[in-house]
Amino acid sequence: YVDPALAKVTVGEWAQRWLDGQAHLKPTTRSRYAGILSKHIRPKWDRVKLANVSHSDVQAWISDLASRHSPAAVHKIHRVLSLVLDLAVKDGRLARNVAVGVNLPRTVRHEHRYLTHDQVATLAACSAHPTLVLTLAYTGLRWGEATGLHVRSVNRLRRRFVIEENAVMIAYEVHVGTPKTHEKRSV
């Protein structure tokens, strides 16, 4: 049994409660989720009561998004709405998550393209930071991992970097944390 009175809260209010509870996320993920809520979910669902969201409404919304955005973007937007509704189910406000089972656009995996050695050399020569360009190109470090390097991160004898931190900029503020995998590694 689900008390109908519990589902009278709006999606906008519930989405904010859900986001406030995402303290465990890395700052970049939380920022991305907040952006998806404000740009895509709130304009459509902000004032709609949880009880009034139907599977067919979500499907129509997803189909409309698919006509204007890439399949990968639509998948991310759908995931955030689904997470919000999952919390409503867990909290006893909804009997089921109406976003589950929605038909999503197919994503197409593109083949990775890599620079040749000559292209890397040209890019490094044109850069104000050629060593950084060469390091990124030949080690596979992510940008945030490279910006999180310290002098102590360099093992010159073994010719290795020890990746322990990640530094990212979110809204003009630098956030230092663990690497994407949350694990220390050497490259």
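Expressed to the nearest 0.5 Å, how far NZ of K8 lies from CG of L50 amounts to 12.5 Å. Between the OG1 atom of T135 and the CG atom of L141 there is a distance of 7.5 Å, given to the nearest 0.5 Å. In this structure, T122 OG1 and L115 CG are separated by 9.5 Å, a value rounded to the nearest 0.5 Å. To the nearest 0.5 Å, atom NE2 of residue H40 and atom NE2 of residue H69 are 5.0 Å apart. The distance from the OG1 atom of T10 to the CZ atom of R42 is 9.0 Å, given to the nearest 0.5 Å. Note: L37 CG to L81 CG = 9.0 Å, rounded to the nearest 0.5 Å.
In the hydrophobic cluster analysis, where Ile, Leu, Val, Met, Phe, Trp and Tyr join through side-chain heavy atoms closer than 4.5 angstrom, L123 is grouped apart from L132. Under the 4.5 Å side-chain contact rule for hydrophobic residues, V80 and I170 do not share a cluster. No continuous path of ILVMFWY side-chain contacts below 4.5 Å connects M169 to Y33, so the two sit in separate hydrophobic clusters. Under a hydrophobic clustering in which Ile, Leu, Val, Met, Phe, Trp and Tyr are joined whenever their side-chain heavy atoms come within less than 4.5 Å, directly or via other members, W143 and Y138 fall into different clusters. Put simply, V98 and V9 are part of the same group of oily side chains (I, L, V, M, F, W, Y) that touch within less than 4.5 Å, one to the next.
Using a distance-only test at 3.5 Å, with no hydrogens or angles considered, a donor-acceptor pair links the side chain of Q22 to the main chain of W18. Side-chain N or O atoms of W14 include none that pairs as donor or acceptor with a backbone N or O of L85 at under 3.5 Å. No side-chain donor-acceptor contact under 3.5 Å links S31 to the backbone of P27. Checking side-chain atoms of H175 against main-chain N and O of N166 turns up no donor-acceptor pair under 3.5 Å. Between the side chain of K26 and the main chain of T178, a donor-acceptor pair closer than 3.5 Å is present. With hydrogens and angles disregarded, no donor-acceptor distance shorter than 3.5 Å links the side chain of S82 to the backbone of H78.
Closest heavy-atom contact between L136 and R142: CD2-O, 4.1 Å. Heavy-atom minimum distance, I77 versus L65: CG2-CD1, 3.7 Å. Considering every non-hydrogen atom in both Y114 and Q119, the closest pair reads O-OE1, 4.2 Å. Shown here for V174 and A167, the closest heavy-atom pair between the two residues is CG1-CB, 4.3 Å. The heavy-atom pair separating A34 from L19 by the smallest distance is CB-CD2, 3.8 Å. When all heavy atoms are compared, the tightest approach of R96 to V89 is C-CG2, 3.4 Å.
More than 12 heavy atoms of other residues, nucleotides or ligands lie within 6.0 Å of CZ in R68, so this atom counts as buried by the packing criterion. In H117, the NE2 atom is not crowded: 12 or fewer heavy atoms of neighbouring residues, nucleotides or ligands sit closer than 6.0 Å. Within a 6.0 Å sphere centred on NE2 of H129, other residues, nucleotides and ligands contribute 12 heavy atoms or fewer.
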query: Checking side-chain contact (heavy atoms from CB on, under 4.5 Å) for the pair V154/L149: CA distance, chi angles, key distance, verdict?
result: CA-CA 8 Å; V154 180; L149 288 174; 5.8 Å; no
- request: Could you give me the CA-CA distance, side-chain angles and deciding distance for V58 and I62, then say whether side-chain contact (heavy atoms from CB on, under 4.5 Å) is met?
  value: CA-CA 6 Å; V58 174; I62 289 296; 4.2 Å; yes
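Inspection of the H150 and E164 side chains reveals no N or O donor paired with an N or O acceptor under 3.5 Å.
Taking 4.5 Å as the limit, every side-chain heavy atom of V102 sits out of range of all side-chain heavy atoms of W61.
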